[in-house]
Amino acid sequence: MQRASRAASIGIVAPTLCETATVSPPDLPPGEPSLMLLPFAGPVESRMSSKIAPFQTMDASSVPKHFEAAEAELRWDRCWEEWGTYRYDPSRPRAETFVVDTPPPTVSGSLHIGHAFSFTHTDFLVRFHRMRGMNVFYPMGWDDNGVPTERRVQNYFHVRCDPAAPHDPNLQLEPANAKLRKRRPREVSRQNFIELCHLITQEDEKAFHEVWRRMALSVDWTQTYATIDDHCRMLAQWSFRDLFEKGHVYNVDAPFMWDVDFQMALAQADIEDRQQAGAYCDIEFGVEGGNEGFVIATTRPELLPACVGVTAHPEDERYRNFFGKKAITPLFRVPVPIFPSELADPEKGTGILMVCTFGDSTDVDWWRQHQLESRQLLGRNGRLIEVEFGSEAFPSLDPDAANRFYGELVGKRVAQARAAVTEQLADPSGSATGNGAPLQGAPRPIEHAVKFYEKGDNPLEFVQTRQWFVRLLDKKRELLEQGERIEWHPDFMKVRYRDWTEGLQLDWCISRQRYFGVPIPVWYPLDDAGERDYANPIVADREQLPIDPMSDVPTGYTPEQRDQPGGFSGERDIFDTWFTSSLTPEIGSHWTLDDDRHAKLFPADVRPQSHEIIRTWAFYTILKALLHENEIPWRHVLISGWVLDPDRKKMSKSLGNVQTPLPIIERHSADAVRYWAGIARLGVDTATDEKVFKVGKRLSTKIFNAGKFVLSQTAEVHPITAELDRAFVQKLSDLVERSTRDFEAFQHASVLKETESFFWTHFTDTYLELVKARARAEGEDEAAARGSAVAALRLGLDVLLRLLAPFLPYITEEVWSWVFAQEKGERSIHRAPWPSGENFRGIDPPANSGSFDVAVACWTAINKSKADAEVSMGRDALNLTIAANPQTLSLLDPVLADVLAAGRCRAHQLAESADLDDGVFEILDAEFAPKPE
RNA sequence: UGGCACGUAGCUCAGCGGGAGAGCGCCGCCUUGACACGGCGGAGGUCGGCGGUUCGAAACCGCCCGUGCCAACCA
């Protein structure tokens with residue numbers, strides 16, 4: 001309390017903080033919360049210099065010995081929030097606005113250090129532009145939708161969604177324990193399931209929120225959205241309606257990629273290839289009207305009952321005679337056409353193969369092109385369905401045998417059916433030619449690529465279902481052009497986008513057979529027989545949105561008409577989660593809701609993201625902006641690399657090597673973690689490294705101590721006139737110029753490295769030491785020299801703090817608050833202007849541009865002579881002979897007094913030594929004072 | 001198999017047409033008044049390999065080797 005009242009009377013930053021100081025934040029322990037919350041405000045003597053305006057110093061002894069990062073992080077976070085330091089100002093014009101299309105993290109995914117890494121990259125740039133005077137729009141979104149959340153709810157509560165189950169309005173569930181997990185999952189209604197999803201995402205959001213605050217992401221927290229909230233659902237559904245009206249979406253009933261475990265359709269972007277062990281089975285087929293046969297090689301013998309054709313290359317001599325005839329499948333004795341196809345590769349397998357409904361996408365092509373029969377045997381759950389051979393749909397020359405064989409397969413999953421069929425094929429009774437067992441020899445093991453859903457555990461199948469699509473194959477050229485209009489950082493990442501776009505083979509399947517997400521806002525009229533009219537869907541009106549077609553009713557119908565002949569039926573599917581997240585720029589800009597805001601915030605300036613989702617998030621966002629507004633969604637894309645574990649493996653949940661940010665922050669401080677992220681360039685994968693965190697921590701400690709020293713120099717400031725001071729300022733001015741240029745070019749890592757290097761090499765290790773004595777020189781006639789040093793020291797600290805502020809927001813704010821906050825009239829350094837030529841106006845350049853380096857070289861030579869003599873640097877030199885060539889000695893002259901003072905040199909001689917190189921000094925005949933008792 | 005990126009000191013990386021660099025680690029020394037959560041000094045590399053362009057290549061070009069990522073490869 002005493003501290004608080006004193007600060008108030010001194011009035012640095014205290015007036016605004018008094019309120020803060022009286023508020024006990026809920027997340028701090030009780031005790032002395034008011035003290036904890038007060039930014040340090042040591043005693044300040046306010047003086048007016050006759051030469052340079054308001055000037056304050058502080059008493060270094062009043063500053064704590066060490067910087068307590070954890071305490072400061074909580075304290076400053078509260079201040080920034082109270083001050084609205086990061087608030088977007090909607091009244092300012094577009095030209096002054098800098099817009100970020102922030103990635104909404106999947107909140108039910110694991111929060112790891114990689115998130116902190118890439119989000120911090122964005123924050124560096126944001127803070128730079130804010131200090132440059134831009135009005136920053138930096139929102140935060142949460143991605144709640146989709147499979148990860150459903151999975152998490154299923155595991156957390158040990159439940160499954162059963163759409164047929166009745167809703168339980170009083171459902172209360174605890175997290176499942178081990179005992180509960182042994183039982184079958186509890187089945188809950190669709191609505192209950194969705195409520196559980198909401199519950200868990202809210203909890204997960206808090207975890208992210210806490211880490212973001214602690215990392216000092218300068219987000220405007222008043223601009224927050226969640227992909228499941230009304231605003232996002234409305235815009236996603238409106239997006240669908242707009243695309244529908246423009247003719248870009250359609251629904252079709254066709255064979256498509258299907259995950260048998262999730263039981264949902266997928267888009268090309270959701271698929272990955274995995275190397276799998278498989279085996280070629282060589283199977284003899286018969287040919288109708290004889291006992292001839294041929295052998296096909298297949299890795300999917302279980303699809304034999306679904307065989308609808310056989311094909312070989314038209315030029316293949318081995319099989320030419322068969323074209324036009326019918327093949328007879330073994331076991332099931334089904335006659336199927338044999339036709340030529342350029343797509344068959346004579347080199348592969350035996351050169352002749354079976355076409356099934358459906359083994360792969362080529363099967364689908366053949367099936368379409370040659371109008372083959374449809375004999376879909378694989379059900380949506382991945383098990384073989386019941387069929388009757390000998391019926392019209394499943395003809396057979398020997399229905400009894402076929403049904404006997406097939407009876408052993410019904411209900412089996414793919415892998416089980418494969419084993420069973422392989423066994424059956426080894427039985428001669430199944431032969432189509434009478435030449436013994438259809439299986440020729442043992443299956444031959446191979447490794448081959450198989451398509452998987454990226455989150456799935458079983459290979460994809462092609463299953464005929466009805467799905468909604470966005471047409472994109474006809475828009476490749478425009479999409480590629482949009483990609484060219486955007487600047488990619490690093491630029492080679494553009495290639496990823498181009499390759500993906502050029503390689504597109506399928507339209508975007510946007511319907512998903514899931515529960516937690518944005519419903520497709522469509523109903524279907526039912527005819528008199530109660531069948532859905534898919535050709536004439538009823539798309540919800542704008543005014544109705546957002547809607548859930550399972551509970552809301554289309555205009556012109558009554559609730560009683562739901563699922564009645566002549567009535568309507570609601571679409572059950574929801575959107576692919578990317579359908580919503582591809583609208584993040586429009587979600588932030590309030591597209592279609594607020595034209596003025598949209599004009600200011602769209603297109604955005606930057607989109608930060610990681611490279612593995614170029615094909616999804618970046619691609620779909622570009623697509624949406626093109627189709628809705630014929631625009632690019634943002635001008636720049638920033639691609640952060642991945643975070644690897646110390647063994648350089650990608651951090652992922654499945655590998656179990658995930659590190660979470662909070663323990664690292666607690667151990668090393670948020671600034672240290674930000675430093676680690678800051679030295680990594682965009683697009684470069686980076687390993688977590690204790691050593692680097694420590695370097696960051698060390699830098700912030702040094703800033704704390706150097707700040708304490710500089711601001712406690714009590715001499716009045718004067719114009720910067722001394723040669724060494726002017727030489728230092730010139731170097732500083734060059735640094736500002738380079739840093740600004742690098743930041744403008746999205747090279748944050750160079751800014752940090754250069755500034756850090758300058759801070760140590762040119763500021764604390766050299767300049768500060770060289771002028772220390774002069775800054776403390778006593779006597780009236782030393783006032784100008786003294787004041788010049790103090791002014792340059794303060795200028796150096798001021799500029800370096802600001803250059804480092806985007807990277808190390810806590811320590812720079814802390815030091816800023818001691819004196820500069822009031823002196824410069826800006827309470828937060830994060831609102832202070834970025835350094836520029838303005839800061840150096842009126843300071844003359846040095847007489848010699850080499851003065852600084854010569855001073856350092858000479859001082860270093862003196863230090864070396866002390867090191868060689870194994871005496872402390874603090875020991876006085878009684879007498880030194882300084883040798884250098886005449887040119888170098890003449891450069892030394894204007895800075896010699898500073899060098900001698902820093903070297904504690906009581907007496908000296910200069911010796912011309914023409915054979916020494918420029919800038920090189922040698923110390924001869926050094927004599928040091930004896931070690932004091 | 002194709003595309004992209006990367007290969008520089010023990011480790012992590014910067015440099016990308018004219019001096020081979022930084023931090024950490026290592027060795028030696030120093031309690032100094034902002035800082036021992038310090039400071040000073042030092043050792044350490046034929047810049048993956050082979051060719052080419054150039055007066056000059058770690059850097060530019062070609063080929064090769066290695067690593068990573070992306071994409072393709074389901075008969």
Side-chain angles (χ1 to χ4, degrees), chain A residues 60-61 63 65-67 69 272-276 278 280-281 296-300 303 310-312 343-345 348-356 359-363 366 446-451 459-460 462 490 492-496 498-500 502-503 505 611-612 614-615 641-642 644 646 648-650 669 676 679-681 683-687 689-692 694-695 697-713 749-750 753-754 756-757 760-761 764-765 768-769 772-773 776 859-860 862-875 904 931:
Chain A
S61 66
V63 177
K65 183 138 178 72
H66 298 304
F67 177 55
E272 67 183 23
D273 286 0
R274 294 184 202 161
Q275 286 298 323
Q276 289 274 302
Y280 267 126
C281 292
I296 63 128
T298 180
T299 56
R300 303 211 55 186
L303 291 178
V310 165
T311 186
L343 295 176
D345 179 357
K348 220 166 178 182
T350 57
I352 189 163
L353 63 124
M354 65 173 182
V355 178
C356 307
D360 62 20
S361 64
T362 329
D363 276 355
W366 278 315
I446 54 155
E447 278 278 317
H448 63 159
V450 181
K451 284 192 195 312
L460 291 181
F462 279 77
F492 62 78
M493 288 295 180
K494 181 162 69 179
V495 177
R496 299 265 178 106
R498 199 185 57 210
D499 288 353
W500 175 257
E502 283 173 349
Q505 291 177 3
H611 47 72
E612 82 273 19
I614 289 175
R615 72 183 197 172
W642 282 337
L644 312 173
R648 304 203 63 75
K649 289 208 178 60
K650 194 199 166 190
S669 84
W676 161 76
I679 60 169
R681 291 174 301 152
V684 175
D685 294 348
T686 302
D689 190 342
E690 289 286 313
K691 292 186 299 189
V692 179
K694 283 187 179 146
V695 172
K697 177 72 180 152
R698 198 168 74 101
L699 174 60
S700 80
T701 300
K702 193 74 172 178
I703 292 168
F704 183 84
N705 287 314
K708 202 158 61 172
F709 171 77
V710 170
L711 295 174
S712 59
Q713 299 308 304
S750 319
K753 287 306 281 183
E754 292 241 6
E756 179 199 19
S757 168
W760 288 101
T761 309
T764 61
D765 288 353
L768 197 147
E769 295 294 340
K772 214 177 225 179
R776 286 195 286 241
W859 184 54
T860 301
I862 295 172
N863 285 341
K864 185 165 159 48
S865 72
K866 289 182 180 174
D868 289 345
E870 299 195 347
V871 303
S872 142
M873 296 301 136
R875 194 89 67 84
R904 291 161 187 266
K931 186 171 183 175

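Just so it is clear, the model here is predicted, and its values are computed rather than measured. Order of the sequence lines fixes the chain letters, A, B, ..., with proteins taken first and strands second; residue numbering starts at 1 for each chain.
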Enquirer: Expressed in whole Å, how much space separates the P atoms belonging to B:G49 and B:C55?
Expert: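 Result for the P pair: 24 Å, nearest Å.
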Enquirer: What distance, rounded to whole Å, do you find between the two P atoms, one in B:A57 and one in B:C24?
Expert: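 The same atom, P, in both gives a distance of 33 Å.
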Enquirer: Roughly, in whole Å, what's the span from CD1 in A:I703 to C1' in B:C35?
Expert: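 Those two atoms, CD1 and C1', are 13 Å apart.
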Enquirer: Between B:C24 atom C1' and A:W676 atom CH2, what is the distance in whole Å?
Expert: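 Taking CH2 of A:W676 and C1' of B:C24, I get 17 Å after rounding.
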Enquirer: Out of B:G39, B:C40, B:C4, which has the shortest distance to the side chain of A:K702?
Expert: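 In terms of side-chain proximity for A:K702, the closest of B:G39, B:C40, B:C4 is B:G39.
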Enquirer: Does RNA chain B take part in any stems of at least 3 consecutive Watson-Crick or G-U pairs (both distances under 3.5 Å), and if so, which ones?
Expert: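 So far as stems of 3 or more pairs are concerned, RNA chain B shows B:1-7 with B:65-71, B:10-13 with B:21-24, B:26-30 with B:38-42, B:48-52 with B:60-64.
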Enquirer: Checking contacts here: which listed nucleotide (B:G23, B:A34, B:C4) is nearest the side-chain heavy atoms of A:V695?
Expert: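 Nearest to the side-chain atoms of A:V695, counting from C-beta on, is B:G23.
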Enquirer: Give the nucleotide from the list B:C29, B:G33, B:A75 with an atom nearest to the side chain of A:R776.
Expert: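 Output: B:G33.
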Enquirer: Which of these nucleotides, B:C24, B:C74, B:A71, is closest to any side-chain atom of A:T299?
Expert: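 In terms of side-chain proximity for A:T299, the closest of B:C24, B:C74, B:A71 is B:C74.
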Enquirer: Taking atom P of B:G68 as reference, at what distance in whole Å does atom NE2 of A:H611 sit?
Expert: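 Spelled out: NE2 on A:H611 to P on B:G68 is 14 Å.
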Enquirer: Quick one: which of B:G10, B:G41, B:C37 gets closest to the side chain of A:K691?
Expert: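 Nucleotide nearest to A:K691's side chain: B:G10.
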Enquirer: Look at the side chain of A:V495 and decide which nucleotide, out of B:G3, B:G23, B:U12, has an atom nearest to it.
Expert: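 Closest nucleotide among those given: B:G3.
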Enquirer: Per the atom types in the model, does the base of B:C73 pair as donor or acceptor with the side chain of A:H448 at under 3.5 Å?
Expert: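 Checked by distance alone, the answer is no.
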Enquirer: Of all the choices, B:A75, B:C74, B:C40, which nucleotide is nearest to the side chain of A:V450 once you look at every atom?
Expert: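 Nearest to the side chain of A:V450 among the choices is B:C74.
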Enquirer: Donor-acceptor check, side chain of A:W676 to backbone of A:A687, threshold 3.5 angstrom: yes or no?
Expert: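 Here the side-chain-to-backbone pair exists.
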Enquirer: With a 4.0 Å cutoff (strictly under), does any side-chain N or O of A:K451 reach OP1 or OP2 of B:C73?
Expert: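 For B:C73, OP1 or OP2 has a side-chain N or O of A:K451 closer than 4.0 Å.
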Enquirer: Closest nucleotide of RNA chain B for A:E769 versus for A:S872: which of these residues is on the 5' side?
Expert: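 Here A:S872 is the residue nearer the 5' end.
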Enquirer: Compare the minimum distances between each of B:A34, B:A75, B:A36 and the side chain of A:N705, then state the nucleotide with the smallest one.
Expert: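 For A:N705, the side-chain atoms sit closest to B:A34.
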Enquirer: Looking only at the side chain of A:Y280 (C-beta and beyond, no hydrogens), which of the listed nucleotides B:C69, B:A75, B:G38 gets closest?
Expert: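 Among the listed nucleotides, the one closest to the side chain of A:Y280 is B:A75.
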Enquirer: Return the 5'-most residue of the pair A:R875, A:A687 with respect to RNA chain B, ranking by each residue's nearest nucleotide.
Expert: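 Closest to the 5' end, via its nearest nucleotide, is A:A687.
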Enquirer: Does A:F67 have any ring pair (Phe, Tyr, Trp, His ring centres under 6.0 Å) partners at least two apart in sequence or in another chain, and if so, which?
Expert: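 A:F67 satisfies ring pair (Phe, Tyr, Trp, His ring centres under 6.0 Å) with A:F704 only.
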Enquirer: Please report the distance, rounded to the nearest Å, between CG in A:L768 and C1' in B:G39.
Expert: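 Taking atom C1' of B:G39 as the reference, CG of A:L768 is at 13 Å.
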Enquirer: Using only side-chain N and O atoms of A:K694, determine if any of them is under 4.0 Å from OP1 or OP2 of B:C37.
Expert: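 For B:C37, OP1/OP2 do not have a side-chain N/O of A:K694 under 4.0 Å.
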Enquirer: Rounding to the closest angstrom, what is the interatomic distance between B:U53 and B:A59 at atom C1'?
Expert: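 Those two atoms are separated by 13 Å.
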Enquirer: Among A:T362, A:V310, A:T311, A:L303, which residue satisfies the side chain to side chain contact (heavy atoms under 4.5 Å, CB included) criterion with A:V355?
Expert: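 Testing A:V355 for a side chain to side chain contact (heavy atoms under 4.5 Å, CB included) against A:T362, A:V310, A:T311, A:L303 leaves exactly one candidate, A:T311.
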Enquirer: Determine the interatomic distance between C1' on B:A34 and the same-named atom on B:G23; round to the nearest Å.
Expert: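 To the nearest whole Å, 22 Å.
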Enquirer: Within the structure provided, determine whether A:I614 and A:W500 are in side-chain contact (heavy-atom separation under 4.5 Å).
Expert: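 Side-chain contact under 4.5 Å: no.
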Enquirer: So does A:R615 get a side-chain nitrogen or oxygen closer than 4.0 Å to the phosphate oxygens (OP1/OP2) of B:C69?
Expert: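 No, because none of the side-chain N or O atoms of A:R615 sits under 4.0 Å from OP1 or OP2 of B:C69.
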Enquirer: Phosphate oxygens OP1/OP2 of B:G33: is one of them under 4.0 Å from a side-chain N or O of A:R904?
Expert: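 Looking at the OP1 and OP2 atoms of B:G33, neither is under 4.0 Å from any side-chain N or O of A:R904.
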Enquirer: Tell me whether the OP1 or OP2 atom of B:A5 has a side-chain N or O from A:K494 closer than 4.0 Å.
Expert: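 Checking B:A5 against A:K494, no side-chain N or O comes under 4.0 Å of OP1 or OP2.
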Enquirer: State which of B:G23, B:C73, B:C40 makes the closest approach to the side chain of A:R698.
Expert: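 Between B:G23, B:C73, B:C40, the one nearest the side chain of A:R698 would be B:G23.
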Enquirer: For B:C47 and B:G7, measure between their P atoms and round to the nearest Å.
Expert: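 Per the computed distance, 14 Å lies between those P atoms.
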Enquirer: At less than 3.5 Å, do the side-chain atoms of A:K753 and the base atoms of B:A22 form a donor-acceptor pair?
Expert: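 Check fails, no donor-acceptor contact within cut-off.
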